[in-house]
Amino acid sequence: MRQGRGLSRPRGGSRKSNTAPRPQGRRRGRSQRTPWLYLAPALVVLGGLLVYPVYQLGLISFFQYTQAQVSGGEPTTFEGFGNYAELFGDRQFWEVLLATVLFAGACVVSTLAVGCSLAVLLTRVRAVPRLALMLAALGAWATPAITGSTVWLFLFDPDFGPVNRMLGLGDYSWTYGRLSAFFLVLLEVVWCSFPFVMVTVYAGIKAVPAEVLEAAALDGASQWRIWRSVLAPMLRPILVVVTIQSVIWDFKVFTQIYVMTNGGGIAGQNLVLNVYAYQKAFASSQYSLGSAIGVVMLLILLAVTLVYLRLLRRQGEEM
Amino acid sequence: MRSLSSVRLVRRPWRLFAEASALLIAVVVAFPLYWMVLSAFKPAGEIESSEPRPWTLAPSLDSFRRVFEQNEFGRYFLNSLVVACSVVIVSALIAFLAATAVTRFRFRFRTTLLIMFLVAQMVPVEALTIPLFFLMRDFGQLNTLGSLILPHIAFSLPFAIWMLRGFVKAVPEALEEAAYMDGASRSRFLWQILFPLVFPGLVATSVFSFISAWNDFLFAKSFIISDTSQSTLPMALLVFYKPDEPDWGGVMAASTVMTIPVLVFFVLVQRRLVSGLGGAVKD
Amino acid sequence: MKLAPRLAVLLTALAVTACAPQTSTNSSSDKDDKTGTLRVWLFQEVGNKPKEKVVDSVVTAFEKAHDGTKVDVEYIPVETRAQRVKAAFNDPASAPDVIEYGNTDTAGYVKDGGLLDVSKEFGDWTEAKDTDPTAKQSVTVDGKVYGAPFYVGVRALYYRTDVFKELGLEVPRTMAELATTARKIRAEKPELYGLVVGGAYTYGAMPFVWANGGELATGEGGSYTSAIHSAAAQKGIKAYTSLFGDDNCPAAKCAGMGGNDTITAFAAGKAGMAIGGDFSHTAVEAGKVKGKYAVVPLPGVKAGSVAPAFAGGNNIGVLKSTSHRTRAVQLMESLASKETQASMFEAMGFLPTFSDVRQRVAAEQPYVKPFAETLAAGTKFVPASPAWAQIDSSLVLPTMLQEVISGKKDVAGASGDAAKKMDEAFGSAG
């Protein structure tokens with residue numbers, strides 16, 4: 001996989017050819033230095049602002065590090081794996097982890113299904129319905145998560161909400177049962193995150209040459225067939241990033257659960273990992289325990305991403 | 001094998017059905033937004049009342065007044081705009097270059113890099129604010145808009161790079177070869193040929209980075225400490241989330257005010273998204 | 001694919017070169033400039049203009065009295081206080097000299113090393129002798145004073161006068177009567193909650209525990225131990241949780257409610273009674289029940305007694321990092337003075353922390369009376385321990401109540417678990 005493409009992998013690819021006017025020579029030299037040149041700004045920004053803090057995060061997770069240490073009131077002490085031991089020793093952590101994985105999985109699948117189908121739908125309609133759907137979706141996306149969650153809670157309120165009246169549900173309480181509360185939050189999460197998938201995939205479809213689609217349509221292929229055998233393969237790089245991003249976001253869902261289930265539901269039945277981390281650690285400034293949770297989340301998500309990419313590669317998709 | 005005419009016949013009712021469902025879905029998706037705007041206009045006692053009507057007989061601007069009356073509201077708005085626009089432009093440029101590098105070139109650590117880019121998003125942001133805080137302090141950026149712009153660029157880059165990678169990939173290699181054959185320089189190819197071709201991708205990523213910078217609470221409340229004139233719009237929204245006595249009318253009005261610029265931004269750029277490549281990538 | 005091992009190597013390499021994470025040095029400043037700019041942070045209220053007006057007049061007078069001193073006031077949203085204040089402790093350059101802070105945060109801020117010990121100045125302050133004892137307790141940690149009380153907030157019993165009249169009900173005088181009255185209302189008018197209660201409404205539940213002789217925790221300073229599982233406390237928990245049921249406030253709807261939800265229900269005319277604060281007055285006035293309700297102190301166990309309420313509210317404190325110690329403490333005293341508190345009540349409805357000032361304003365504004373009575377009957381405060389922040393944010397008490405309400409555990413089991421969690425927090429926070 002790390003083989004050079006075509007001519008491009010000469011060791012030390014001669015500085016001379018870099019300035020030479022011959023197109024082929026230039027391509028050769030490019031593959032050694034140019035990519036790094038192009039990458040330089042991104043690497044500077046990401047190295048400084050993401051890699052370094054993540055490194056600090058790992059470091060903090062091995063120390064006793066609370067607000068008192070941060071502001072210099074008490075000395076930092078090395079704890080080894082103490083924070084991790086505390087975390088893994090908590091039975092609630094494992095329950096929350098399981099709930100998080102299942103809930104995030106459901107959110108990812110629903111969001112992708114809704115987002116992709118609506119993206120395809122957008123390519124089938126004329127300008128007015130398209131703009132209407134796009135604007136509605138953008139509005140949902142643009143609404144601050146904290147407000148979106150509040151509004152959804154209002155809509156489904158047993159006493160004051162219009163939805164129960166429209167559906168004739170009386171004063172059924174959505175947030176009391178564990179599953180119905182998760183379901184309500186899932187609806188809100190899908191509502192505010194499908195637009196991202198839809199717009200991205202739509203932009204991707206638009207980048208597919210029109211002739212390819214027309215040819216497929218002329219062949220009489222069904223919508224599903226066109227998606228399966230024409231669009232999905234061409235969109236794969238975009239679908240990959242959309243999927244990975246959705247996994248990351250939904251695994252880290254916070255505001256929706258926090259606001260809609262009032263901090264984790266009846267007796268904590270709707271806790272997810274990020275809310276758990278907030279309540280256990282960040283809200284009371286126990287950064288070291290919080291960082292340990294962060295490291296665990298990082299490792300889980302990294303593993304999921306790597307497995308996913310490996311599966312893709314097995315299917316012949318090159319990175 | 002169907003004939004051309006039968007395809008057309010199938011198409012028309014299909015399209016009408018598709019358009020009807022698109023409109024219906026738009027209504028469903030927009031309903032919570034409508035409820036938000038409606039609640040902003042409802043008088044205080046009516047927002048949560050036992051007769052939830054989808055209209056109000058006594059629309060009131062009181063909630064909006066409370067939003068605009070806040071000190072320096074205009075200033076916050078401008079600050080938010082500066083932050084969001086800087087983030088969109090800078091991250092688009094940096095991501096475009098980086099995406100070209102990882103797509104058009106093969107080099108060691110390429111895949112590792114791509115995955116490393118994502119790593120920082122995998123941890124709770126709260127966990128990163130303390131290290132970022134010290135970083136910003138050491139750069140002397142605390143209490144300036146720079147302390148918001150820099151982290152937001154960093155947080156929107158990974159997605160932008162991954163996303164644009166797909167778009168750069170979709171541009172056929174042959175086009176690049178042809179450009180060089182025609183004697184185009186590397187930077188000419190990059191900016192005058194490749195850049196316009198990946199514009200739809202840039203639009204999608206910039207909508208993403210605009211929204212995440214525009215709606216951010218966490219960095220704004222962690223890094224803008226002592227100089228409220230450098231605050232951003234979400235701070236004007238948070239005022240209404242007072243523990244024990246939240247002002248829902250104010251929350252809804254402030255959120256409405258915050259959502260509108262995003263929609264305007266999108267209407268401005270959506271044409272690019274729709275017209276996109278069109279037939280540019282023939283062959 | 002050699003990706004994962006490579007990454008692992010990279011990460012271990014980073015970990016091996018580890019040194020301690022960054023900290024800042026927030027030592028107290030030795031300087032005591034008598035001139036220069038004093039920076040003040042106050043909370044931004046929803047209608048902030050009247051507050052600004054009062055503060056402005058205090059500031060003008062202060063600047064006039066102290067030549068060469070300038071005061072710069074900033075208003076910060078309450079929701080952002082945690083991050084702001086922590087950041088101020090971390091970066092003394094951005095820190096203000098004087099801050100307003102929620103009184104449950106006192107112990108935590110002291111532990112973080114942020115607040116200045118003003119015991120001596122507070123003792124010398126002539127007005128301080130009239131300060132309400134619970135208000136004073138809310139600025140005190142380990143016997144030292146870390147600020148001046150700014151205002152208090154307490155909860156009392158809101159009830160519907162029209163419903164009571166229609167059903168021929170008497171205002172309850174004991175906690176037992178409260179429960180029976182609530183059930184009567186629900187039985188006669190099934191569309192109403194009798195007494196609307198919330199499973200996440202800690203400060204609504206605590207008076208039941210306190211009235212039955214229970215405590216949250218016992219001890220002083222760093223050595224608190226939980227008492228929430230004591231027999232008396234359990235009796236209170238039982239009294240509160242028994243109100244959740246179809247005969248008063250159905251568990252399905254009420255278990256998840258917080259304090260604000262119960263007030264919303266009352267204001268919308270969905271409840272016969274509710275436990276609300278003086279700060280809920282505006283919301284109830286804006287609702288459907290305007291003119292159809294009254295407020296009395298929450299009754300205690302014995303007839304004529306008042307159930308101890310939680311004394312919330314805010315304080316004004318000086319930051320340790322200030323380089324204007326004398327002037328900052330003087331400014332704190334003027335901001336929390338009797339005169340300022342009286343005008344602050346006029347402007348914002350904040351209840352004064354001085355007993356005499358409170359009596360005076362209660363005479364002018366009848367709605368204040370039941371709250372002033374509640375305060376006069378004696379109030380309670382949360383343990384002055386930094387662990388409280390952790391107990392509060394990890395929802396130990398709401399979880400306990402909800403476990404009982406939803407039938408997951410019995411009172412003894414739930415309160416025992418809560419006590420264990422509280423003791424862990426007390427232990428780790430030191």
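Labels below follow one simple rule: chain letters A, B, ... track the order of the sequence lines, proteins then strands, and each chain is numbered from 1. Values below: every heavy atom of this structure, side chains too, minus hydrogens, waters and symmetry copies.
Contact between C:A268 and B:S49 at its shortest, heavy atoms only, is CB-CA, 4.3 Å. Of all heavy-atom pairs between B:I225 and C:A88, the closest is CG2-N, 4.1 Å. In this structure, C:R84 and B:I224 approach most closely via the heavy-atom pair NE-O, 3.2 Å.
Of the two parts of C:A87, the backbone and the side chain both hold a non-hydrogen atom closer than 4.5 Å to a non-hydrogen atom of chain B. Residue C:K290: no heavy atom, backbone or side chain, is found under 4.5 Å from chain B. With a 4.5 angstrom heavy-atom cutoff, B:F133 touches chain C only via side-chain atoms. The part of B:N143 that comes within reach of chain C is its side chain, from C-beta onward, which places non-hydrogen atoms under 4.5 angstrom from that chain. In this structure, the portions of B:L238 lying under 4.5 Å from any heavy atom of chain C include both its backbone and its side chain.
Looking at heavy atoms from C-beta onward, C:N48 lies out of side-chain contact with B:Q70 at the 4.5 angstrom threshold. Contact annotation: the side chain of B:T228 never approaches that of C:Y75 to less than 4.5 Å [non-hydrogen atoms, C-beta and beyond]. Residues C:R39 and B:S226 meet the side-chain proximity criterion, which asks for heavy atoms closer than 4.5 Å.
Chain C forms the most heavy-atom pairs under 4.5 Å with one residue out of B:P246, B:S231, B:G250, and that residue is B:P246. With chain C as the partner, the residue from B:I47, B:D227, B:L218 showing the most heavy-atom pairs under 4.5 Å is B:D227.
Of all residues spanning residues 96-106 of chain C, none has a heavy atom less than 4.5 Å away from chain B's heavy atoms.
The pair C:K288-B:E46 does not count as a salt bridge, with every side-chain nitrogen at least 4.0 angstrom from each carboxylate oxygen.
In terms of modelled atom types and a separation under 3.5 Å, the side chain of C:Q83 and the main chain of B:K221 share no donor-acceptor contact.
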